[in-house]
Amino acid sequence: MAKNLLIVESPAKAKTIEGYLGKDFTVKSSYGHIRDLVKSDDAINIASNFEQKYEVPADKKQIVAELKKLAKEAEMVWLASDEDREGEAISWHLFETLGLKDATTKRIVFHEITKPAIMRAIENPRKIDYNLVNAQQARRVLDRLVGFELSPVLWKKVKPSLSAGRVQSVAVRLIVDREREVNKFTAEAAFRIAATFGKGREAFKAELAERYSQQEDAEKFLTDCVDATFKVNSLETKPLRRSPAAPFTTSTLQQEASRKLGFSVSRTMQVAQKLYESGKITYMRTDSVNLSDTAINAAQAQIVRAYGEKYHTLRKYKTKSASAQEAHEAIRPTYFDVHTVDGDNSEKRLYELIWKRAIASQMSEAQFEKTTAKIGISTRKEELTANGEVMKFDGFLKVYLESNDEDEDNTQDEDNAMLPPLTVGQLLNMNEMTATERYSRPPARYTEASLVKKLEELSIGRPSTYAPTISTIQNRGYVVKEEREGRTRNFRVLTLKAGSITKEQRSENTGAERNKLFPTDIGAVVNDFLVQYFQGIVDFNFTAGVEKKFDEIAQGLEEWTDMIRKFYQPFHIEVENTLKTADKATGERELGVHPESGKKISVRIGRYGPFVQVGENATDENPEKPLYASLRAGQMIETISLDEALELFKLPKKVGFYEDKDMTVAIGKFGPYIRHNSAFYSLPKEIDPLDVTEPQAIEIIEAKRVRDAERLIKVFDENPEVKILNGRWGPYIEFEKLNVKIPKGKEPLELTFDEVKALADATPATGKKGRFGKAAPKAAAAKAPAAKKTPAKKKAPAKKAAPKAKK
DNA sequence: CAGTGAGCGAGCTTCCGCTTGACTT
């Protein structure tokens, strides 16, 4: 039996440390927090000084039991959870729950998992820091009070099952605000003048700083240049240096993996977790840019060996973020001499990114020489500017270049091309000059990763919660991650070449979006409600403010219950007042009146989502019912126009008659469809649902029947609900409601009913509730539909069309 | 899976931060 039990938070960490410490130590993991506030409303007794009721959740019972047993047998228990607020609280919960004794318990901390760091920690034990624990309790209690008092207000005033919280509600607000900025934005066009000079490889480009909003002015400029001579007025050369970025934190890793690899933040974390568990990288949930001395030395050795001494520069990075708690190192490879790893493609690519970024962070600056040439025009006082950049030393760029969110913007291309040798006074031959109309761009919508960046800047959320927060706001239906098609827009180009000016109109696609976050109507309504009644909570500085208080508590300068009381009393009064006085929020907006009937047309949120209503609600005096139509995907209450709303009432519409039944056309969740004899037939994209003719509709129905017939391979006489079908991935068995795979090598047509039944019995039922069914039966019904919206599953329906079309 | 848009009012929903599995396509 080991004399010492050492408890850390993560099992992977436990394994590593066990290797450092030898036989006298058993190292175990608590798997994070082992206790939490009870789920019910009596978790915090407000009248009794915010006394909390904690419990060990079901999935932690086993761990706690094991730790308890080991603790009893050990001579000394070492609590080695992280050195931050949450970590200190974990140690305290362990102390309380395991029934530890002061005399046989030691608290130790380290910021890096290296042997010297661990040994140093063991030589310098301390006691649990109760100020820090109190700061965590304040954080926990505040979040619970906010979340569990605000959410029920939303259930009453907006819709059941909604949620609000210190972090998620601000995240939604950022997205709603940004969407409104984009909607408000009007693009302004201006002509940019650019010219090319020189021949072949010596050709270069120069631009005019001024922009012309009027075409006449741009044209005048070009006309003036027809007979002008061009001369180098001045040349300036100056050195330019670029430094590498700091090694990754959780937030910067998520951003770069999104930009460079196209990963969602949750994918990044899943892949990083795998790399961490297999010992390839250090811990992936960190806000620190610090590297251990061991790491710095190892990186240096790698760089010197691979690239030479002059490529190495020792650098120590300081974390910018004020809220950083720095319990870990930056994310880096465990061993710098491992350049690539085994595993699937995403693991390889993410590892490579982490390796390069960490190595580059210890490399020398890149050096450039930037040349600026001003070119005079004999007929105008303005000058053209040409920039050229020559790299003198690549430095860290040998391995890594950080990208930024504006990389897609290629309007400024070739900005750092090379210039040919030039001299002041030199006359230049102009090849071509253009005046191109360019539009200003609206602020960019958030991606998952740029939202994380913004939240981190506001000190909202922690490395362990960025990815879950982004899932939450999508699962609640406040936000959707979507593609949007752009529209074409014309722009004018004037070209001066060989002494004459030509004008042409070109077109570009604008406003197209990929994987951007859009607010939904419910997101906007909830946000506006919270902004109106709970300004203080959704204020962007709310978290920063309470964090300051938590710090004071951690330093022992303030009593945590005092702080919470000062917050809670006014907050709770606001909650009560809002419940009493606020109207139900539906986001209702009046669009105008119907051009023919003169009836009022309005949009609002109903039980099944946003819809348009024509006419007033029925009353005793006026029993006529209003007309309703749901908004379509991509339409919003805030932006829908009267014409678009009227358009929605053109469907469903009768198309004709076939086999003694009506055919109607409408648009559903999965696009336009024809309905005939209570069956549905999807409309191909090329056909506008408003223009479908009777023969077209019949053709579509017949085609679907043929496909269905081809799909059916065999029906069993024993049970007509058992069939062999041809699916997207070949033949499969449909056994009542269950889909069953056919084992390889079996001929589908030769299967007997008994064989099929045996296969079906061996196939576990897949019901959507299955996953939540056991652990949280109550949550199953509510969560199953929400889960459908997860982005990972979106791909399937999109691809479905392809194989079908081929036939 | 694709019509709906009221209410007799049961019983439910919900927060943020620490950690990993165990699920399916």
Side-chain angles (χ1 to χ4, degrees), chain A residues 8-13 29-37 39 41 43 59-60 63 81-82 84-87 89-90 93 136 139-155 159-169 270 273 276-277 283 285 325 327 460-466 468-469 472 476 543 586 604-613 617-618 625-630 652 664 666-675 678-682 728-729 739 764 766-768 770-775 778-779 781-783 787-788 792-793 795-797:
Chain A
V8 292
E9 293 180 35
S10 148
K13 208 190 263 185
S29 144
S30 73
Y31 292 80
H33 275 293
I34 51 142
R35 279 208 307 195
D36 193 16
L37 293 174
K39 286 257 182 281
D41 283 341
D59 57 331
K60 290 290 166 65
I63 296 150
S81 47
D82 295 346
D84 57 16
R85 210 159 60 201
E86 298 297 328
I90 289 174
H93 283 306
Q136 193 272 347
R139 199 278 306 155
R140 182 70 191 90
V141 166
L142 179 120
D143 282 335
R144 169 57 70 87
L145 290 172
V146 169
F148 276 41
E149 294 216 4
L150 278 190
S151 300
V153 177
L154 296 180
W155 305 343
K159 215 178 94 167
S161 301
L162 295 175
S163 66
R166 176 177 58 82
V167 173
Q168 59 170 289
S169 296
Q270 278 167 17
Q273 176 88 29
Y276 167 67
E277 280 171 14
Y283 197 57
R285 289 184 276 262
Q325 306 194 1
I460 296 173
R462 304 278 315 129
S464 67
T465 60
Y466 295 138
T469 299
T472 300
R476 294 266 176 277
T543 291
T586 63
R604 68 176 190 275
I605 291 197
R607 276 194 304 165
Y608 313 106
F611 69 104
V612 187
Q613 175 170 343
N617 284 348
K625 277 197 177 172
L627 291 173
Y628 305 108
S630 292
T664 52
I667 293 180
K669 216 174 176 179
F670 307 103
Y673 64 93
I674 289 170
R675 191 170 177 174
S678 67
F680 297 92
Y681 304 89
S682 292
R728 236 198 315 167
W729 298 292
N739 288 348
T766 52
K768 279 169 189 133
R771 177 172 163 190
F772 296 99
K774 283 175 205 161
K778 289 169 196 163
K783 285 197 175 161
K788 272 189 206 161
K793 288 177 187 167
K795 281 179 188 162

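Since this is a predicted model, take the numbers as computed values, not measurements.
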Strictly below 4.0 Å: does [X] bring a side-chain N or O up to OP1 or OP2 of [N]?
X	N	value
A:Y673	B:dG3	yes
A:R166	B:dG17	yes
A:Y283	B:dT19	yes
A:S163	B:dC15	yes
A:S30	B:dT19	no
A:T465	B:dG17	yes

Let me confirm one number: the [atom1]-[atom2] distance from [X] to [Y], rounded to the nearest 0.5 Å.
X	Y	atom1	atom2	answer
A:L154	A:S169	CG	OG	7.5 Å
A:H93	A:D36	NE2	CG	7.5 Å
A:L150	A:L145	CG	CG	10.0 Å

Check every atom of [options] against the side chain of [X] and return the nucleotide holding the closest atom.
X	options	answer
A:S10	B:dT19, B:dC16, B:dC18	B:dT19
A:Y628	B:dG5, B:dC18, B:dT14	B:dG5
A:R285	B:dG17, B:dT20, B:dG5	B:dT20
A:R476	B:dG17, B:dC15, B:dG3	B:dC15
A:S630	B:dT4, B:dC16, B:dT19	B:dT4
A:Q273	B:dT20, B:dG3, B:dG17	B:dT20
A:Y31	B:dG5, B:dC18, B:dT19	B:dT19
A:E277	B:dG17, B:dT20, B:dT4	B:dT20
A:E9	B:dT14, B:dT20, B:dC18	B:dC18

Beyond-backbone contact of [X] with [Y], side-chain heavy atoms, under 4.5 angstrom:
X	Y	result
A:Y31	A:E9	no
A:H33	A:Q136	yes
A:R285	A:Q273	yes
A:N617	A:P626	yes

Assign [X] to base, sugar-phosphate, or nothing according to its heavy-atom contacts below 4.0 angstrom with the strands shown.
X	result
A:G87	nothing
A:V167	sugar-phosphate
A:Y276	sugar-phosphate
A:G606	base
A:A164	sugar-phosphate
A:P626	nothing
A:L162	sugar-phosphate

Quickly work out the [X] [atom1] to [N] [atom2] distance and round it to whole Å.
X	N	atom1	atom2	value
A:D82	B:dT19	CG	P	6 Å
A:D36	B:dT14	CG	P	15 Å
A:Q168	B:dT14	CD	P	10 Å
A:R675	B:dC1	CZ	P	15 Å
A:R140	B:dC18	CZ	P	12 Å
A:L37	B:dC16	CG	P	14 Å
A:E149	B:dT13	CD	P	17 Å
A:R462	B:dC15	CZ	P	19 Å

**Report entry** Pair assignment for DNA chain B - dot-bracket with | for other-strand partners, Watson-Crick or G-U under 3.5 Å
**Finding:** .........................

Query raised in the report: Between A:T469 and A:F148, which has a closest nucleotide on DNA chain B that is more 5'?
Result: A:F148

Query raised in the report: On a plain distance test, is the side chain of A:R144 in donor-acceptor contact with the base of B:dC16 below 3.5 Å?
Result: no

Query raised in the report: Can you check whether A:Y608 stacks with the B:dG5 base, using ring centres under 5.5 Å and planes within 30°?
Result: no

Report task. Report yes or no: is the ring centroid of A:W155 under 5.5 Å from the six-membered base ring centroid of B:dT13, with the two planes under 30 degrees? Result -> yes

Report summary line: Taken in chain and number order and not counting sequence neighbours, the residues that satisfy side chain to side chain contact (heavy atoms under 4.5 Å, CB included) with A:R675 are A:T664, A:Y673, A:F680

Query raised in the report: Salt bridge between A:D82 and A:K13, side-chain N to carboxylate O under 4.0 Å?
Result: yes

Report task. For A:R462, check salt bridge (charged side-chain N to carboxylate O under 4.0 Å, His left out) against everything at least two apart and list the hits. Result -> A:D287

